[in-house]
**Student:** 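One structure, pasted below without further comment.
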Amino acid sequence: MKKLNNWQNALFLIGGLLMVIGAGCYCFLLAREVVCWLFLAGACLFAVMQMMQTYEGSELTIRRLKRIQNLADICFIISGMLMVDSVYNLILPLFDSKDGAGYYTYIQYVYNKWVILLLIAALLELYTTHRLDAELKRLKNT
């Protein structure tokens, strides 16, 4: 597994910290207009730095786990975009309809669905981190 240098590692940790601060403050109703952008910036930093940790080996299990981890990173970014949309309703005009059902469709399918994607991404991240660590230790011992 390719190691990150000190700057990349610092950006990776800052991204994770910004994600935690953004999600936590958003849930406690603290300055949602600002913390949604903090979460999105943190998700982008975290995802980019994690995607830079490439695996050049031929072990199929580790390559599969890295692909799952990349999917989790994409879910983090989309979650941040949906969080921004929950504050500013940027996608709402796309659901405009003449019968007035557009707003309700938007609420049903888009509004606050960032939580679901964040949960999926966090579970995938937890699983892949644990399994990658175990696989790399197993590979090192053989």
Side-chain angles (χ1 to χ4, degrees), residues 1-140:
M1 188 78 85
K2 182 180 174 187
K3 298 280 185 189
L4 296 177
N5 64 30
N6 289 339
W7 284 103
Q8 292 169 333
N9 200 20
L11 289 175
F12 179 71
L13 293 174
I14 290 170
L17 184 65
L18 286 176
M19 285 173 54
V20 170
I21 291 171
C25 289
Y26 189 93
C27 291
F28 290 115
L29 306 173
L30 301 172
R32 286 186 166 182
E33 294 80 15
V34 176
V35 297
C36 65
W37 293 106
L38 281 178
F39 181 86
L40 182 58
C44 290
L45 271 174
F46 183 85
V48 168
M49 290 301 123
Q50 192 167 52
M51 287 180 186
M52 289 176 71
Q53 287 181 319
T54 58
Y55 176 68
E56 290 86 17
S58 61
E59 187 70 30
L60 188 62
T61 306
I62 296 175
R63 293 169 59 112
R64 176 186 56 87
L65 288 168
K66 278 304 289 178
R67 283 194 296 267
I68 294 171
Q69 205 170 45
N70 289 343
L71 175 68
D73 291 335
I74 291 169
C75 286
F76 278 133
I77 293 172
I78 295 172
S79 176
M81 292 166 54
L82 287 175
M83 183 188 283
V84 169
D85 180 68
S86 291
V87 172
Y88 294 104
N89 297 327
L90 301 172
I91 301 176
L92 181 59
L94 298 176
F95 288 86
D96 221 4
S97 67
K98 295 192 186 271
D99 62 354
Y103 179 74
Y104 297 109
T105 306
Y106 168 77
I107 294 295
Q108 183 177 6
Y109 293 114
V110 178
Y111 188 74
N112 275 343
K113 299 304 187 255
W114 64 270
V115 178
I116 297 168
L117 272 177
L118 181 60
L119 179 64
I120 291 169
L123 289 174
L124 287 174
E125 191 71 33
L126 186 65
Y127 168 73
T128 56
T129 301
H130 173 70
R131 289 283 294 134
L132 273 171
D133 185 48
E135 286 296 318
L136 289 172
K137 282 182 183 175
R138 183 190 60 81
L139 196 64
K140 190 176 183 180

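Side chains are part of it too, since the values below use all heavy atoms of this structure and drop only hydrogens, waters and symmetry mates.
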**Student:** Is there a donor-acceptor contact under 3.5 Å from the side chain of N9 to the main chain of L4?
**Tutor:** no
**Student:** Mind listing the closest non-hydrogen atom pair of L65 and T128 along with its distance?
**Tutor:** O-CG2, 3.7 Å
**Student:** Do you know which two heavy atoms are closest between L40 and M81, and how far apart they sit?
**Tutor:** CD1-N, 3.7 Å
**Student:** What residues form a salt bridge (Lys or Arg N to Asp or Glu O under 4.0 Å) with R138, not counting sequence neighbours?
**Tutor:** E59, E135
**Student:** So, for F39 and F76, which heavy atoms are closest and what is the spacing to 0.1 Å?
**Tutor:** CE2-O, 3.9 Å
**Student:** Are any non-hydrogen side-chain atoms of M49 and L13 less than 4.5 angstrom apart?
**Tutor:** no
**Student:** For residues 113-123, which side-chain donor-acceptor pairs fall under 3.5 Å, sequence neighbours excluded?
**Tutor:**
unit_1: K113; atom_1: NZ; unit_2: Q108; atom_2: O; d: 3.1
unit_1: W114; atom_1: NE1; unit_2: N112; atom_2: OD1; d: 3.4

**Student:** Distance check, rounded to the nearest 0.5 Å: T105 atom OG1 versus L94 atom CG?
**Tutor:** 12.5 Å
**Student:** Grab the two heavy atoms, one from A72 and one from L124, that are nearest each other, plus how far apart they are.
**Tutor:** CB-CB, 3.8 Å
**Student:** Side-chain contact test, heavy atoms from C-beta onward, threshold under 4.5 Å: evaluate it for R131 versus T61 and give yes or no.
**Tutor:** yes
**Student:** Would you say N5 has more than 12 foreign heavy atoms packed within less than 6.0 Å of its CG?
**Tutor:** yes
**Student:** Could you name each residue pair satisfying ring-ring contact (aromatic ring centres under 6.0 Å, His included) that touches residues 3-25, not counting sequence neighbours?
**Tutor:** F12-F46
**Student:** Just how far is it from atom CE of M1 to atom CG of D133, taken to the nearest 0.5 Å?
**Tutor:** 9.5 Å
**Student:** Got a sec: does the OH of Y103 have more than 12 other heavy atoms crowding it under 6.0 Å?
**Tutor:** no
**Student:** Throw together a table of side-chain donor-acceptor distances under 3.5 angstrom for residues 16-33, partners on residues two or more places apart or in other chains.
**Tutor:**
unit_1: R32; atom_1: NE; unit_2: Y26; atom_2: O; d: 3.1
unit_1: R32; atom_1: NH2; unit_2: Y26; atom_2: O; d: 3.2

**Student:** Does a side-chain heavy-atom distance below 4.5 Å link Y111 with L92?
**Tutor:** no
**Student:** Among pairs that include at least one residue of residues 38-54, which meet side chain to side chain donor-acceptor pair (under 3.5 Å), considering only residues two or more places apart or in two chains?
**Tutor:** Q50-E125, T54-E56
**Student:** Nearest 0.5 Å, what's the CZ-NZ distance between R63 and K66?
**Tutor:** 12.0 Å
**Student:** Tell me the closest heavy-atom pair linking V110 and D85, and the distance in Å.
**Tutor:** CG1-OD2, 3.4 Å
**Student:** If you compare all heavy atoms of D99 against all heavy atoms of S97, which two are closest, and at what distance to 0.1 Å?
**Tutor:** OD1-OG, 2.8 Å
**Student:** With sequence neighbours excluded, give me every ring-ring contact (aromatic ring centres under 6.0 Å, His included) pair touching residues 50-73.
**Tutor:** none
